[in-house]
Structure formats: structure tokens, C-alpha cells
Amino acid sequence: RFAFSRPVILGGVTDNSAFRALCTRDKLLAAFGPLPVRLSTANTYSYRKVDVPFQEYVERLLQPQDPARLGSDTLYFFGDNNFTEWGPLFQHYVPPPFRIPGTSPAYSFGIAGGHGGDRGEGGSGLSPAPTPPSTAGSGSGVPFHWHGPGFSEVIFGRKRWFLYPPDKTPHFHPNETTLAWLQHTYPTLPPGQRPLECTLRPGEVLYFPDRWWHATLNLDTSVFISTFLG
């Protein structure tokens, strides 16, 4: 019904409480602290990559998004996971029990930090140490882009999604952050040009079909994982 037609939110299809327990700040730092992670720029094309120790990313680089900073100048941890190092963690993840014939799943794991007070419901406690606001955090995200179909699940925090069908290219600048687009472009859109929207919370999974445009905005400290169907 939805595989090739439109996005859908799935609730209660998996139980990832065990995986969630392994994704707290303390557990992740203990397991991966000194290991390098590859950060991407938070723009549409993400050409630039930067390797830093995971502990440095968690303790120094998780900051609220500066609305004036370009996506090409904002670093973001999502995907590019070393599966030799992260594979044991991913073995505890339970993916959605749905597949498209002829595809196979591939995981991408990410973390976007938040304000120091982000420890309420759904929060992960991955709060940053004081640093200049130059990297990804609350209000961070990836601007509009598209790829093949897949699922996205929030483990901690909340993630807002904006989606357009393949034949309706959104108006955006590839180096503009989602936060800047939301503040400057979104309010000017007529009702008929607004995207489909949703906010994912822990335990919810979004399915997105092939070639659907989408942009994301992290509302809190967020830990998330996507299952791409390639």
C-alpha cells in the first residue's frame, strides 16, 4: 500500500528497548570514545568529511545550530559508520519487519546533540561541554535531498521531517540549513506548496519511498538510525 506511493509512520512494529539502553551517553562513550567517527557537512551534497574521536564529537561538537551558519560549515555525525567497530552495537537493533523485493538493508547511525537541559522525556543526556556554536546540535539536521527507500527510527529525542514527492522539487538552497529554511522560506509557502510533515519520537519509524525529497530537523538531543533499502 505504501511501498511505492507515500511515506507512513509505523508504531509498535519493533521493540528496541535493549538497543536504546546501549545508546546512552555513558554506554556509547565507554564503547566508542577513542575511536574515530567520520563527520559530514550538513548540506545537501555533504562533500566534505572530517574524522574526529567519538568522545571529542560528544563532548565538544554537539551544539545547537547557529541559524546564520551555512550547512557546508556545519559538521554532523550520520552514516559513514565503520561496521567493524559499530557492528556489535547494530546487532542489537531490531529493524522494521518489512522489505521491498530485490533490496537489502544497510544501517546508518547518527547522533545530534542538544542543549544542556535536554534530559526530559526522550532525551539521551548527550549534552555538550561549552564550546563555540560551530557544529551540529538542536536545530541541526540535513536540508532537502533524496535517495532510495528506507526506514528511519528515533532512539532518543525528537526529529521533525519535511517531505515532498519526487515530482515536486522543493525551493531551497543546498548550503542552507534546515533551520534557516524553516525560519525564512517555510513561512512564505502557500498552503498548496507546503511539505508533508511529521515529528518522530522514540519507538516510531518513518518509511520513505524511493526518490522522495526530505529534510530533517532535530528538536532535541537525538540518537537515530536509518535502514536504507538498496
Side-chain angles (χ1 to χ4, degrees), residues 1-11 13-16 18-20 22-23 32 35-51 54 71 75-112 136 140-155 159-170 172 174 178 195-196 198 200 202-218 222-230:
R1 181 180 173 186
F2 297 100
F4 306 105
S5 60
R6 61 183 292 119
V8 62
I9 296 175
L10 308 170
V13 295
T14 59
D15 178 3
N16 273 303
F19 182 73
R20 189 173 192 265
L22 296 173
C23 291
F32 305 105
L35 300 178
V37 292
R38 177 155 294 177
L39 310 182
S40 302
T41 51
N43 57 344
T44 295
Y45 303 114
S46 297
Y47 290 135
R48 187 163 67 96
K49 309 286 185 179
V50 177
D51 292 343
F54 179 69
L75 295 173
Y76 193 77
F77 175 42
F78 177 60
D80 286 315
N81 307 120
N82 183 321
F83 282 84
T84 301
E85 297 168 348
W86 290 82
L89 174 65
F90 296 161
Q91 288 177 3
H92 294 274
Y93 177 66
V94 181
F98 306 106
R99 292 289 178 271
I100 295 176
T103 68
S104 58
Y107 295 144
S108 286
F109 180 77
I111 299 171
S140 65
V142 180
F144 282 104
H145 63 287
W146 59 265
H147 43 64
F151 301 94
S152 182
E153 180 170 357
V154 171
I155 306 302
K159 182 185 286 286
R160 188 174 176 184
W161 283 68
F162 307 91
L163 303 107
Y164 285 99
D167 60 351
K168 195 172 182 181
T169 303
F172 72 101
T178 303
L196 295 178
C198 65
L200 285 187
E204 296 178 329
V205 179
L206 174 68
Y207 169 74
F208 47 86
D210 188 26
R211 296 178 180 266
W212 271 68
W213 290 94
H214 55 280
T216 60
L217 185 74
N218 296 296
S222 298
V223 178
F224 40 91
I225 186 168
S226 289
T227 305
F228 294 109
L229 303 177

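These figures come from a predicted structure and were not determined experimentally. Positions are given from 1 along the sequence.
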With a 4.5 Å limit on heavy-atom distance, are the side chains of Phe151 and Pro95 in contact?
no

Applying side-chain contact (heavy atoms from CB on, under 4.5 Å), run through Asn81 and Tyr107 and close with a yes or a no.
CA-CA 9 Å; Asn81 307 120; Tyr107 295 144; 5.9 Å; no

Can you tell me how far the CZ atom of Phe162 sits from the CG atom of Leu196, to the nearest 0.5 Å?
11.5 Å

Quick check for you: to the nearest 0.5 Å, what is the distance between Ile155 atom CD1 and Ser222 atom OG?
11.0 Å

With sequence neighbours left out, write down each residue that passes salt bridge (Lys or Arg N to Asp or Glu O under 4.0 Å) with Asp167, or none if nothing qualifies.
none

If you round to the nearest 0.5 Å, how far is CD1 of Ile225 from CZ of Phe228?
10.0 Å

Any side-chain heavy atom of Glu153 sitting closer than 4.5 Å to one from Glu204?
no

From the options Pro7, Pro149, Ser152, select the one residue that forms a side-chain contact (heavy atoms from CB on, under 4.5 Å) with Tyr207.
Pro149

Ala42 and Pro143: which non-hydrogen atoms are nearest, and at how many Å?
O-CD, 3.2 Å

Are Phe4 and Ile100 packed together at the side-chain level, in the sense that at least one heavy-atom pair is separated by less than 4.5 angstrom?
yes

Is any side-chain heavy atom of Trp213 less than 4.5 Å from a side-chain heavy atom of Pro166?
no

For Arg38, does the CZ atom sit with more than 12 other heavy atoms under 6.0 Å from it, leaving out its own atoms?
no

If you count the non-hydrogen atoms of other residues, nucleotides and ligands that lie under 6.0 Å from CZ in Arg6, is the total more than 12?
no

Going from OG on Ser108 to CZ on Phe77, what distance comes out if it is rounded to the nearest 0.5 angstrom?
9.5 Å

Would you indicate whether the side-chain heavy atoms of Phe109 and Cys23 approach each other to under 4.5 Å?
yes

Aromatic rings Phe144 and Phe172: how do their planes relate, parallel, tilted or perpendicular, breaks at 30° and 60°?
tilted

In terms of heavy-atom contacts, Ser140 and Ala112 come closest through OG-CB, 3.5 Å

Considering only heavy atoms from C-beta outward, does the side chain of His214 approach that of Val142 to under 4.5 Å?
no

Would you check if the side chain of Thr103 reaches a backbone N or O of Arg99 as a donor-acceptor pair within less than 3.5 Å?
no

Between Thr14 and Pro97, what is the shortest heavy-atom contact and its length?
CG2-CD, 4.1 Å

Verdict with supporting geometry, Val94 and Phe19, side-chain contact (heavy atoms from CB on, under 4.5 Å):
CA-CA 8 Å; Val94 181; Phe19 182 73; over 6 Å; no

Look only at the side chain of Thr178 and the backbone of Thr216, and say whether a donor-acceptor pair between them is shorter than 3.5 Å.
yes

Walk me through whether Trp86 and Val37 qualify under side-chain contact (heavy atoms from CB on, under 4.5 Å).
CA-CA 10 Å; Trp86 290 82; Val37 292; 3.8 Å; yes

Nearest heavy-atom pair of Gly148 and Phe208: which atoms, and what distance?
O-CE1, 3.4 Å

Closest heavy-atom pair and its distance - Thr84, Pro88:
O-CD, 3.9 Å

side-chain contact (heavy atoms from CB on, under 4.5 Å) assessment of Leu89 paired with Phe32
CA-CA 10 Å; Leu89 174 65; Phe32 305 105; 4.0 Å; yes

Would you compute the distance between atom CZ of Phe90 and atom CG of Leu22 and round it to the nearest 0.5 angstrom?
12.0 Å

From CD (Glu85) to CG (Leu35), nearest 0.5 Å:
4.5 Å

Parallel, tilted or perpendicular for Phe78 and Tyr76, by the 30°/60° rule?
perpendicular

Do Leu200 and Phe224 have side chains that get closer than 4.5 Å, going by heavy atoms?
no

Would you say Trp146 and Asp210 make side-chain contact, with heavy atoms under 4.5 Å?
no

